[in-house]
Amino acid sequence: MNNQQFELSIGWLYPTLMSTYGDRGNVIVIERRTQWRGYGVKVVPLDQNSTADDIKSVDIIVGGGAQDRQQEIVMRDLQGAKADAMREKLDNGTPGVFTCGSPQLLGHYYEPGAGQRIEGLGILDLVSVHPGENTRRCIGNLVIEVTAAKLAQDLKEMLDGATPYLVGFENHGGRTKLGKVEALGKVVYGLGNNGEDGTEGAFYQNAIATYSHGPLLPKNPVVADWLIQTALRNKYDVPVSLTPLDDTLAMQGRSAMLKRLDVDVSKVQMAKV
Ligand code: GLN
């Protein structure tokens with residue numbers, strides 16, 4: 001496969017409203033790792049100036065975190081044909097990574113600490129409620145083991161059989177309860193969806209929803225490669241085998257964090273990235 005013939009477009013949801021805690025890093029990592037393999041790539045902002053057709057045109061979707069006020073503005077814009085386009089994309093397996101405020105909007109609703117409930121798109125069967133402004137936020141480093149069946153299996157294969165652990169950082173007031181949607185993983189360190197049931201994030205078709213900022217992908221490059229690989233396979237229906245990249249720095253970052261958190265490093269270090 002001559003890589004130059006192939007191009008991916010990354011749809012970036014509301015870049016100015018939804019990019020807290022460095023979540024734009026997820027976009028940069030996908031863009032660079034695609035370029036480094038010699039594929040074409042472009043970043044398409046999906047915001048108030050975009051149409052439903054813009055949403056339909058992208059191959060990967062990235063959505064970052066947002067404050068409650070910004071989430072409200074976004075949901076006022078993401079209605080009608082645009083909401084339908086998002087639903088169609090995710091239902092049909094467009095890969096994506098959605099962090100914190102974004103999954104709250106993809107669920108049925110988000111109740112902010114103060115003010116009115118914000119209705120979500122209802123694509124993910126989950127609800128999120130902020131228990132009030134005086135409640136402690138869930139803040140800190142986060143380590144999870146991916147348990148979503150298909151993703152866990154794919155990542156394990158990409159990691160030569162190692163268990164897929166993700167390292168990140170969470171900062172949210174909202175507590176998320178899952179309905180029938182599969183959890184992304186189980187919490188090894190941190191609080192995850194709600195600090196109670198041990199679940200973290202959600203996984204639907206090829207959409208990864210997570211409370212993990214960090215941003216997620218620089219610390220967990222295997223997930224970026226999974227998104228790229230899935231997008232190429234979806235778009236071109238060809239076998240894809242991505243050229244390995246030097247992820248030494250990411251691995252060192254992961255090891256340092258796991259040591260600091262006193263997480264069972266021997267187990268986690270089995271992972272290649
Ligand atoms: N506003 C949401 C909350 O506090 C999301 C915050 C975020 O995206 N970091 O739960």
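Since the structure is predicted, the reported quantities are computational estimates derived from the model, not experimental observations. In listed order, ligands and their atoms are each counted from 1.
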Check your understanding: Out of N171, T176, T99, which residue meets the side chain to side chain donor-acceptor pair (under 3.5 Å) rule with Y211?
Key -> T176

Exercise for review: Could you tell me whether R33 and D247 make a salt bridge, using a distance below 4.0 angstrom between a side-chain N and a carboxylate O?
Suggested key: yes

**Study point:** Donor-acceptor contact present, side-chain E88 to main-chain K56, <3.5 Å
**Key:** no

Practice item. List, by chain and number, the other hydrophobic cluster members for I139, where Ile, Leu, Val, Met, Phe, Trp and Tyr join if side-chain heavy atoms come within less than 4.5 Å, directly or indirectly. Key: F169

Review point. Which pairs with one or both residues in residues 207-217 pass salt bridge (Lys or Arg N to Asp or Glu O under 4.0 Å), sequence neighbours excluded?
Key: none

May I have a table of the N/O to N/O pairs between ligand 1 and the protein that fall below 3.5 Å, each row giving the two atom names and the distance to 0.1 Å?
unit_1	atom_1	unit_2	atom_2	d
ligand 1	1 (N)	A66	O	3.2
ligand 1	1 (N)	D68	OD1	2.5
ligand 1	1 (N)	Q71	OE1	2.9
ligand 1	4 (O)	R137	NH1	3.3
ligand 1	4 (O)	R137	NH2	3.3
ligand 1	4 (O)	G173	N	2.9
ligand 1	8 (O)	A66	N	2.9
ligand 1	8 (O)	A66	O	3.2
ligand 1	8 (O)	G101	N	3.1
ligand 1	9 (N)	N171	O	3.1
ligand 1	9 (N)	H213	NE2	3.3
ligand 1	10 (O)	Q104	NE2	3.0
ligand 1	10 (O)	G173	N	3.1
ligand 1	10 (O)	G174	N	2.7

Review point. How would you list, by chain and number, every residue that makes a ring-ring contact (aromatic ring centres under 6.0 Å, His included) with Y109, sequence neighbours excluded?
Key: none

